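It should be emphasised that the depicted structure is a prediction, and the values quoted were computed from it without experimental measurement. By convention in this document, chain letters (A, B, ...) are assigned in the order of the sequence lines, proteins followed by strands, and residues within each chain are numbered from 1.
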Number of protein chains: 2
Amino acid sequence: MKELIEYIGKSFTLSNEITNDLKAIIIERNIQKGEIILQENSNRKIQIFVASGCLRTFYKTKNGKDHTLQFATKNWWISDYMTLFNKEKSLLSIESLSHSKIFIIEQSQLEKLYSKYPEFGIINRKNLQNRIASLQKRIFGLLTMTAKEKYQKFITDYDIFEKVIPNYQIASFLGITPESLSRVRKEIANS
Amino acid sequence: MKELIEYIGKSFTLSNEITNDLKAIIIERNIQKGEIILQENSNRKIQIFVASGCLRTFYKTKNGKDHTLQFATKNWWISDYMTLFNKEKSLLSIESLSHSKIFIIEQSQLEKLYSKYPEFGIINRKNLQNRIASLQKRIFGLLTMTAKEKYQKFITDYDIFEKVIPNYQIASFLGITPESLSRVRKEIANS
DNA sequence: CTGATTTCTTACCATAGATCAATTTATGAA
DNA sequence: TTCATAAATTGATCTATGGTAAGAAATCAG
């Protein structure tokens, strides 16, 4: 619990009152590699804060292709942001890539907190703004970069997440096949 | 001016005080087709609300390739969201695709308003949330769809913006070449 | 440790989309 | 209207990446 409170405390002074209300809606969980936290097609609206470990959101097409929308590690938030803020069922699943410690918060509870403490919305705004910037950058990268460039950016951006992410998932994040990624990696190695 | 106040008023009850403060920071402009509102590499931090007409954000690579990040029409906000919330210079330019009426707001002024009226942040949060959802959907589309699928989704999503957007810009939004788009369009026409 | 399963690599071929170049069509200014 | 310019189309290639299949390497469960 304290990790999240501390993390938020870094950019926002939390009164005791808010802290208590926050604690009341946070669900702490220690999860195993491979655990699914949220299933595609669910009505649950949750955000997950990663205290340690690594998770990802992904989508599997009918013909079995895997698409990774986001990876999240220590101090990141992860969710199905396509459906978090509306009434639709989740499109993505969220799974753990390693033993992880996470905090789950229901979006509706969070919204209540914002209404109760409008000043608390400030920390959230910064959070949303950062997310927008990074999503926009990702789009920019998908539009402008080759497979090799995307991978090189990925390993510098993500510092390869301590090697917990399998390459086929990195490929699915970059929008290329595992085979292509393997070739790109070979090409980089031989140069 | 009234368009923006009205638009915001739809989802948030604006006190006279907030309304006045808002009016004080909004810059209204009527612009021509082809006008550049924000240049790449600028330090200005602005958001633009489109009252009428159509604008886009784009990036030109050194070898002259054009990439469209966003189109905006009536009641949309547009900005270089990659740099709006940080200290970096703008990466994108913003141009008008038709005669348009727009309202320009400095981000710093907006932030002051959020501090002064935390409850005003609520409308902004909804705005940010919607943006996140749509950016995430766009990434999803770029990862999972073929050129033809992307174009078909585009024309249904955007209802082709009353034909003010040239096809080569649509192509640059979808991440394909104008030639490829032309072939896709031909294929759709013959079927 | 060992066999089973998953992930990664490699080779070969296929293809969507890119590139180049030429032509047609549309747009816009005088 | 008319010409100049920009945009769109088309055909002929080319290329980056995809698909398939098989084997190698890594990982995992018992």
Side-chain angles (χ1 to χ4, degrees), chain A residues 32-36 54 56 58 60-68 71 95-99 141-155 160-191, chain B residues 32-36 54 56 58 60-68 71 95-99 141-155 160-191:
Chain A
Q32 298 299 83
K33 176 170 177 175
E35 260 190 71
I36 303 286
C54 183
R56 70 163 183 148
F58 68 98
K60 267 197 171 36
T61 60
K62 30 247 103 198
N63 41 53
K65 269 187 224 158
D66 187 299
H67 299 280
T68 298
F71 293 113
E95 74 171 353
S96 177
L97 304 185
S98 67
H99 180 268
L142 287 172
L143 287 178
T144 60
M145 296 200 252
T146 64
K148 184 177 177 182
E149 290 166 341
K150 287 186 224 171
Y151 179 66
Q152 290 180 314
K153 179 159 181 13
F154 179 85
I155 53 181
I160 217 156
F161 276 169
E162 307 142 36
K163 195 55 196 164
V164 302
I165 307 178
N167 286 327
Y168 79 91
Q169 289 179 10
I170 294 176
S172 85
F173 178 81
L174 301 178
I176 62 179
T177 59
E179 294 88 342
S180 289
L181 178 57
S182 180
R183 285 174 206 118
V184 162
R185 284 160 47 77
K186 187 182 182 183
E187 192 192 333
I188 291 173
N190 304 340
S191 67
Chain B
Q32 298 298 84
K33 175 170 177 175
E35 260 191 72
I36 302 286
C54 184
R56 69 161 184 151
F58 68 99
K60 266 197 172 34
T61 60
K62 30 248 104 198
N63 40 53
K65 267 186 225 160
D66 186 299
H67 298 279
T68 298
F71 293 113
E95 75 170 353
S96 178
L97 304 186
S98 67
H99 180 268
L142 287 171
L143 288 177
T144 60
M145 296 200 259
T146 64
K148 184 177 176 182
E149 289 166 341
K150 287 185 221 173
Y151 179 66
Q152 289 180 315
K153 179 161 181 10
F154 179 85
I155 53 179
I160 218 156
F161 275 170
E162 307 144 36
K163 193 59 196 161
V164 300
I165 307 177
N167 285 328
Y168 79 91
Q169 289 180 10
I170 294 176
S172 84
F173 178 81
L174 302 178
I176 62 180
T177 59
E179 294 90 335
S180 289
L181 178 57
S182 178
R183 285 181 196 110
V184 162
R185 283 160 47 78
K186 186 181 182 184
E187 192 192 332
I188 291 172
N190 304 339
S191 66

**Q** For K150(B), which residues count as a salt bridge (charged side-chain N to carboxylate O under 4.0 Å, His left out) partner, sequence neighbours excluded?
**A**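 For K150(B) there are no salt bridge (charged side-chain N to carboxylate O under 4.0 Å, His left out) partners, ignoring immediate neighbours.
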
**Q** Please state how far atom CD in E187(B) lies from atom P in dG17(C), giving the value in whole angstrom units.
**A**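 It works out to 9 Å between those atoms.
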
**Q** Can you measure K33(B) atom NZ to dA26(C) atom C1' for me and round it to whole angstrom units?
**A** 11 Å

**Q** Do R56(A) and I165(A) come within less than 4.5 Å of each other through their side chains, counting heavy atoms only?
**A**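 They are not in side-chain contact.
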
**Q** Once you apply a heavy-atom cut-off of 4.0 Å, does K150(B) come out as touching a base, just sugar-phosphate, or nothing?
**A**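 No contact.
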
**Q** Can you build the contact string for nucleotides 6-17 of chain D? Use B for base contact, S for sugar-phosphate-only contact, and - for no protein heavy atom under 4.0 Å.
**A** -SSBBBB----S

**Q** If you look at every strand shown and take non-hydrogen atoms under 4.0 Å, does K65(A) touch a base, only sugar-phosphate, or nothing?
**A**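 Sugar-phosphate contact only - K65(A) comes under 4.0 Å of backbone atoms but never of a base.
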
**Q** Are any non-hydrogen side-chain atoms of Y151(A) and I188(A) less than 4.5 angstrom apart?
**A** yes

**Q** Looking at residues at least two apart in the chain, or sitting in another chain, which of them share a salt bridge (charged side-chain N to carboxylate O under 4.0 Å, His left out) with E179(A)?
**A**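 Here no residue qualifies.
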
**Q** From Q152(A) CD over to T146(A) OG1, what is the distance, rounded to the nearest 0.5 angstrom?
**A** 7.5 Å

**Q** Could you tell me the separation between the CD1 atom of I170(A) and the P atom of dT9(C), rounded to a whole number of Å?
**A** 10 Å

**Q** Determine whether more than 12 heavy atoms belonging to other residues, nucleotides or ligands lie under 6.0 Å from atom NZ of K60(A).
**A**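 Buried by this count: over 12 neighbours within 6.0 Å.
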
